[in-house]
Amino acid sequence: MALVAARSKSVIFVKRDLLRYLRKTFPRFLANGTIVTEQGNPPSKKRWRKGKEKKPPSWTDDVSWEERLADVVTPLWRLSYDKQLELKLQNQEKILSQLSGHLSGDSPVRDKLSFPVLPVLPSPVRDGYRNKSTFSVNRGVDGNPKTVGFYVGTGRKGNIVCVSGDHLLNMPQKHKLVARCYQDFIRLSSLEPCLLFHTGGHWREITVRTNKEGCTMAIVYFHPQSLTPAEVAVHKAELVDYFTQGPGSVCQLDSLYFQESSMTRCTHEQSPYQLLYGQPHIYEEILGFKFRISADAFFQVNQAAAEVLYATVRDLCVPNTEEDGGQTKAGGTLLDVCCGTGAMGITISPRVDKIIGIELTEQAVEDAKHNAALNNVLNCEFISGKAEAVLPGLISQLSFAGRGLTVVVNPARAGLHHRVVRALRNQPAIRRLVYVSCKPDGEAMRNFKELCCDPNSQKKLTGEAFSPTLAVPVDMFPHTPHCEVVILFER
């Protein structure tokens with residue numbers, strides 16, 4: 001009974017903190033926790049039916065290439081934002097009912113949830129919210145191989161067409177401007193684009209990163225093929241001149257990077273990003289903390305919604321307690337698995353005694369350490385390495401972590417390695433675990449089930465099972481079907 005009462009009290013504290021934050025952030029958040037939408041009414045409880053909305057076209061000849069691209073990149077662009085949130089909530093409830101069905105031993109049934117799922121928290125910014133965009137180079141609708149945009153079609157079918165993204169709702173105007181200028185530049189260049197590595201060519205994608213203040217970083221990817229370093233240097237100089245003295249100067253770049261590589265994707269360690277012009281980093285602010293963004297650093301693509309996400313994670317990880325009308329520090333240790341550049345842990349740091357972050361990418365760990373120092377956060381430690389290699393040994397040392405051990409995990413779509421799940425499950429000091437996922441119906445669902453299943457000696461899952469107690473979807477990606485979901489697991 002005491003355990004049940006403690007868990008109920010924990011959920012109440014979490015909901016209270018979330019509601020306090022939401023009412024401050026979204027003034028139209030009602031007293032009962034319902035979000036008032038742009039029309040001034042709560043989202044309808046009525047189920048969304050495809051037949052009552054305008055259906056996406058079947059891509060007949062009378063459908064423009066712009067519409068086709070919008071259907072690929074922003075499939076919900078035809079729906080009102082109210083409908084988008086309603087559809088996303090239904091989707092999250094359907095996905096999470098699988099977990100409830102698994103835990104109860106029943107087959108998953110729509111709406112059969114054993115734990116509360118809050119309404120989707122809306123993005124404060126709905127159009128032009130992306131702070132990072134990568135534009136491809138390929139043949140356009142007119143056949144020009146030096147077209148910069150996004151793909152429609154597939155390589156398997158051999159029907160890829162590159163279409164300009166100037167009309168896409170989620171792209172800011174600055175990104176579109178840089179893409180147009182890059183297209184003009186490569187069309188002026190004597191070098192061919194690299195459409196397929198084995199067929200030659202040099203100019204490849206361009207990535208554009210911006211911050212809330214409008215600072216802009218561009219990263220150009222280049223295949224050297226058989227060019228000598230001296231020959232590559234000539235074209236790098238032309239690129240710099242175009243974006244600083246030529247027509248591309250209208251972009252007002254703060255940073256221009258160049259990466260030459262014969263691989264489709266590679267890290268800074270495999271092929272260093274070369275700073276051709278400007279500042280090595282741009283900076284962004286989240287919940288009052290400042291973060292450095294490197295050329296290849298992971299950072300949430302929607303800054304405004306990231307503040308909603310991180311505030312949600314903070315309140316789920318470490319609910320504030322109140323004594324004599326004031327706030328007190330909860331204390332304990334927070335283990336941040338897949339910590340990236342440290343943003344999530346740093347925003348939580350004032351509420352705990354210590355933050356320990358684990359991240360695979362060395363550059364991200366360097367950024368995380370820099371970000372902690374930049375914000376004068378002294379209680380953070382960041383470790384570089386694979387979580388499945390680092391965590392089992394580390395977590396045994398944290399069993400006596402003083403005032404409690406809480407875990408937040410934010411893995412890529414591949415989910416957590418089974419050895420990471422095993423280490424977390426088998427550490428009795430962990431009573432609270434917050435899982436952030438952008439694809440809960442993928443490998444993350446396997447992680448959920450292993451965290452919550454009965455002890456299984458064959459899988460070496462011998463620790464007490466976790467239980468999901470609350471899920472909070474956050475709309476990081478308006479006009480798309482995707483959103484982040486934050487799930488609180490307790491035991």
Side-chain angles (χ1 to χ4, degrees), residues 7-8 10-12 14-15 18-19 22 33-35 42-48 75-76 83-123 305 308-313 315-317 319 337-338 407-416 420-421 424-425 432-454 461 465-478 480-491:
R7 177 174 295 170
S8 299
S10 171
V11 174
I12 289 170
V14 167
K15 285 187 175 179
L18 278 173
L19 289 173
L22 291 168
T34 302
I35 298 169
S44 171
K45 295 290 185 181
K46 185 173 60 178
R47 291 295 172 191
W48 178 72
L76 305 185
K83 282 294 183 183
Q84 292 185 31
L85 294 180
E86 185 180 342
L87 182 62
K88 291 185 184 194
L89 178 59
Q90 292 174 23
N91 188 43
Q92 294 301 317
E93 289 176 338
K94 180 179 178 181
I95 292 169
L96 295 175
S97 68
Q98 297 177 32
L99 177 58
S100 293
H102 173 79
L103 297 178
S104 66
D106 298 330
S107 58
V109 179
R110 179 185 289 272
D111 298 333
K112 187 177 181 181
L113 286 162
S114 59
F115 55 95
V117 179
L118 293 187
V120 180
L121 303 185
S123 171
V308 179
L309 176 69
Y310 289 176
T312 300
V313 171
D315 289 339
L316 290 176
C317 282
V337 182
C338 310
V407 178
V408 59
V409 299
N410 184 19
R413 291 191 174 192
L416 295 173
V420 174
V421 176
L424 297 174
R425 171 73 186 259
R432 178 185 294 262
L433 184 150
V434 175
Y435 198 119
V436 183
S437 175
C438 62
K439 190 173 173 56
D441 55 339
E443 288 301 306
M445 185 60 69
R446 172 181 55 82
N447 293 161
F448 301 161
K449 293 176 179 178
E450 290 181 345
L451 287 169
C452 300
C453 68
D454 292 334
L461 299 172
F466 286 91
S467 295
T469 55
L470 184 66
V472 188
V474 180
D475 187 18
M476 296 289 294
F477 318 102
T480 80
H482 311 295
C483 65
E484 298 272 349
V485 62
V486 187
I487 305 178
L488 173 64
F489 293 92
E490 294 183 287
R491 61 183 181 185

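- With a 4.5 Å cut-off on side-chain heavy atoms, Glu484 and Phe477 count as touching.
- The shortest distance between side-chain heavy atoms of Phe489 and Val407 does not fall below 4.5 Å.
- Results of the side chain to side chain contact (heavy atoms under 4.5 Å, CB included) test with Leu121 over Val472, Asp475, Val486 single out Val472 as the only residue that passes.
- When all heavy atoms are compared, the tightest approach of Ala465 to Cys452 is CB-O, 3.6 Å.
- Of all the heavy atoms in Leu99 and Pro468, the pair that sits closest is CD2-CG, 4.0 Å.
- The main-chain N or O of Ser100 is never found under 3.5 Å from a side-chain atom of Ser114 such that the two would form a donor-acceptor pair.
- With sequence neighbours excluded, the residues forming a side-chain hydrogen bond (donor to acceptor under 3.5 Å, both in side chains) with Asn447 are Tyr435, listed by chain and number.
- Looking only at side-chain heavy atoms (C-beta outward), Leu85 and Pro122 come within less than 4.5 Å of each other.
- To the nearest 0.5 Å, atoms OG (Ser467) and CG (Leu451) are separated by 10.5 Å.
- Atom CG of Leu113 is separated from atom CD1 of Ile95 by 11.0 Å, given to the nearest 0.5 angstrom.
- Between Cys438 and His482 the shortest side-chain heavy-atom distance does not fall below 4.5 Å.
- The minimum heavy-atom distance linking Arg425 with Arg491 is given by the pair O-NH1, 2.9 Å.
- In this structure, the side-chain hydrogen bond (donor to acceptor under 3.5 Å, both in side chains) partners of Glu443, at least two apart in sequence or on a different chain, are Arg446.
- Side-chain contact between Pro473 and Lys88: absent, with no pair of heavy atoms (C-beta onward) separated by less than 4.5 Å.
- A heavy-atom distance below 4.5 Å is not found between the side chains of Val420 and Val409.
- Taking the side-chain hydrogen bond (donor to acceptor under 3.5 Å, both in side chains) definition, one finds that Gln84 meets it with His479, sequence neighbours left out.
- Note that OG of Ser97 is 11.0 Å distant from CD of Gln92, once rounded to the nearest 0.5 Å.
- Summarising the geometry of Pro440 relative to Ser437, their closest heavy-atom pair is N-OG, 3.3 Å, with the distance given to 0.1 Å.
- With contacts defined as side-chain heavy-atom distances shorter than 4.5 Å, the pair Phe466/Phe448 does not qualify.
- Taking the salt bridge (charged side-chain N to carboxylate O under 4.0 Å, His left out) definition, one finds that Lys449 meets it with nothing, sequence neighbours left out.
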